[in-house]
2 protein chains.
Amino acid sequence: MTGKQFTSVWIREPRKATSPGRSREEIVRAAVEMLDGEGLGGLSMRKLGARLSAGATSLYWYVANKDELLELAYDEVWAEMTVPDPDRVGWRDSASALAYSMRRVVLRHPWSADLIGRLPALGPHAMGVADRMRKMFRAAGFTGVDIDFANATLTAYVFGMTIPEIAWNTAMGDQGYDAGEMRAAVAKAAADHPDMLERINMAGYDDPQAMREMCFDFGLVSVLDGLERRLAT
Amino acid sequence: MTGKQFTSVWIREPRKATSPGRSREEIVRAAVEMLDGEGLGGLSMRKLGARLSAGATSLYWYVANKDELLELAYDEVWAEMTVPDPDRVGWRDSASALAYSMRRVVLRHPWSADLIGRLPALGPHAMGVADRMRKMFRAAGFTGVDIDFANATLTAYVFGMTIPEIAWNTAMGDQGYDAGEMRAAVAKAAADHPDMLERINMAGYDDPQAMREMCFDFGLVSVLDGLERRLAT
DNA sequence: ACCTGAACACCGTTCAAGT
DNA sequence: ACCTGAACACCGTTCAAGT
């Protein structure tokens, strides 16, 4: 019982909604814009305050601390993920549509990848997605805990594939990176492993974007095949 | 061509190895200990300097900046992952042994989960693991790019499963968290989704540790089954 | 009820200066 | 070759004080 108490915006009672002054929504919206534009390191309470032409510390009236603000912003990302209705397209198609949607959304908000390992996804939008995913896997024929396990497996795959992708993107400077430079860097790092060097010189390695999409597809069908197999047993 | 240049410790020429004074190894070792003990947020260049009873900025002689130090520490984590020899145990057994090993290692160094999305894994130990994994999947029968795709799929699954687990652990304060409190928190967050509330009251939900291990196993066999299916086609 | 500024205890990093 | 301290430009957060 020595650990810190568990806290989260989603647990605390929010302040009563009022009309005057700034609103939490406005603040969160501005925070998301700032995060999209400058990344997780680019968001500071002071800069966000300035952007809203408020004093540096006014935000603390609406939000307990920066972590809670990030929880709020994080949940907005979940709002952008779409889960198709499995009654209309079949669970496999729903599942892959969701997987692609999750990937696109996280790539669009790279800072969110950093939060996956830091904040539990307890917000209403994250819960909404989880709820619809449960329905999807139930419709597929999963029962009991297997519903959650299938859910976790698919989510893990998508995030696990996408998170390191973001590491690459940001390391290369997000845009206009030099393919040759990257290849040289990797070649140098792999110098002791002839097997890996060979890989780097393989066809397709100079279009990493296309390569990553093929890779994602390969893994996704593997995961879905594996899940389908669970249903047969 | 407007993006930042790509930089990494593994690309820069290191300083010549010398005997006197502090060494890079010593610094990295201390950094890892600090990270294990206090987390990513607990490591500062100043505190690390003090710990080595050096001036606050002496470390900059050995390391270009904090990010490079983290790259070095990150690679130490990869050193702890073990890939069995697939010639002795068969690829499926090797693959699951590796998966469990990766999961254990990351859980032991929770800060590393934050780095997966931030730093490309280009260090020698990460390369070593990747190299051995390639051999494993080649032995399994994969060829060409499929070797890398299978590799990426398994890695993605393991990290994707483990990263959010860490978010939970740290949110609950790492140790001695209150299961009842946690359940109440989740129940509150899921209040609008009866389907999910039902899940929370399911058997086994009060031993999250055991639950997560079952979940990991479920997903792992799914992924391996899916990969095996790729071999048949 | 909402907002402010000053203040506190921190950061990473640079750089001239020391030995 | 190695280490230092001062200095710069930042942080998140608290809190008494204002309206």
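Here is the naming used below: chain letters follow the sequence lines, and residue numbers restart at 1 for every chain.
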Between [X] (side chain only) and [Y] (backbone N and O only), is there a donor and an acceptor less than 3.5 Å apart?
X	Y	value
A/Lys66	A/Leu43	yes
A/Lys135	B/Asp195	no
A/Tyr157	A/Leu220	yes
B/Glu71	B/Val9	yes

Item to check | Worked check of salt bridge (Lys or Arg N to Asp or Glu O under 4.0 Å) between A/Glu76 and A/Arg29 | outcome: CA-CA 9 Å; A/Glu76 292 304 311; A/Arg29 206 178 325 121; over 6 Å; no

Item to check | Whole-Å P distance, C/dA9 and D/dA9 | outcome: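 Taking atom P in both C/dA9 and D/dA9, they lie 22 Å apart.
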
Checklist entry - Donor-acceptor pair under 3.5 Å: do we get one between A/Thr57's side chain and the base of D/dG12? => result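 Side chain to base: no pair below 3.5 Å.
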
Checklist entry - Ignoring hydrogens and angles, are the base of D/dG12 and the side chain of A/Ser44 linked by a donor-acceptor pair under 3.5 Å? => result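 Absent.
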
Checklist entry - In this structure, which one of A/Thr162, A/Asn169, A/Asp207 forms a side-chain hydrogen bond (donor to acceptor under 3.5 Å, both in side chains) with A/Arg212? => result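 Exactly one candidate clears the test, A/Asn169.
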
Measure from [atom1] on [X] to [atom2] on [N] and round the result to the nearest Å.
X	N	atom1	atom2	answer
A/Leu43	D/dC10	CG	P	15 Å
B/Asn65	C/dT14	CG	P	8 Å
B/Arg46	D/dA6	CZ	P	12 Å
B/Leu59	D/dC2	CG	C1'	12 Å
B/Leu40	C/dG12	CG	C1'	14 Å
B/Met45	D/dC11	CE	C1'	17 Å
B/Glu38	C/dC10	CD	P	12 Å

Checklist entry - Going by number, which of residues 47-55 of chain A have a non-hydrogen atom under 4.0 Å from DNA chain C? => result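 Correct list: A/Ala54, A/Gly55.
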
Checklist entry - What parts of residues 66-77 of chain B reach DNA chain C, counting only heavy atoms under 4.0 Å away? => result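 Listed by number, they are B/Lys66.
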
For residues 112-120 of chain B, dump all side-chain donor-acceptor pairs below 3.5 Å to protein atoms at least two apart in sequence or in another chain.
residue: B/Ser112; atom: OG; partner: B/His109; partner atom: O; Å: 2.8

Checklist entry - Does the side chain of B/Tyr62 get closer than 4.0 angstrom to OP1 or OP2 of D/dC3 through an N or O atom? => result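 Answer yes for this pair, as a side-chain N or O of B/Tyr62 is under 4.0 Å from OP1 or OP2.
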
Next on the checklist: Can you see if the side chain of B/Trp61 gets near the phosphate of D/dC2 - specifically, an N or O under 4.0 Å from OP1 or OP2?
Outcome noted: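 B/Trp61 to D/dC2 OP1/OP2: no side-chain N or O under 4.0 Å.
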
Next on the checklist: Do B/Trp111 and B/Asp36 have side chains that approach each other closer than 4.5 Å (heavy atoms only, starting at C-beta)?
Outcome noted: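 Side chain of B/Trp111 against side chain of B/Asp36, heavy atoms only: contact under 4.5 Å found.
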
Item to check | B/Asp148: side chain to side chain donor-acceptor pair (under 3.5 Å) partners, not counting sequence neighbours | outcome: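 With neighbours one apart ignored, the set is A/Arg199, B/Arg134.
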
Checklist entry - salt bridge (Lys or Arg N to Asp or Glu O under 4.0 Å) between B/Lys47 and B/Glu38: does it pass, once the steps are laid out? => result CA-CA 11 Å; B/Lys47 270 156 68 182; B/Glu38 318 195 32; 3.6 Å; yes

Item to check | 5′-ward residue of the pair A/Ala64/A/Gly42 relative to DNA chain D | outcome: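 In this pair, the answer is A/Gly42.
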
Next on the checklist: The criterion is side-chain contact (heavy atoms from CB on, under 4.5 Å); which residues satisfy it with B/Thr155, sequence neighbours excluded?
Outcome noted: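 Residues passing side-chain contact (heavy atoms from CB on, under 4.5 Å) with B/Thr155: B/Met102, B/Met133, B/Asn151, B/Phe159.
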
Checklist entry - Just the dot-bracket of DNA chain C, please: which string comes out with Watson-Crick or G-U pairs under 3.5 Å, [ ] for crossing, | for another strand? => result ||.|||||...|||||.||

Next on the checklist: Run the salt bridge (Lys or Arg N to Asp or Glu O under 4.0 Å) test on B/Arg103 and B/Glu165 for me, step by step, so that the C-alpha distance in whole Å, both residues' side-chain angles and the decisive distance to 0.1 Å come before the verdict.
Outcome noted: CA-CA 10 Å; B/Arg103 176 161 182 268; B/Glu165 224 175 302; 2.6 Å; yes

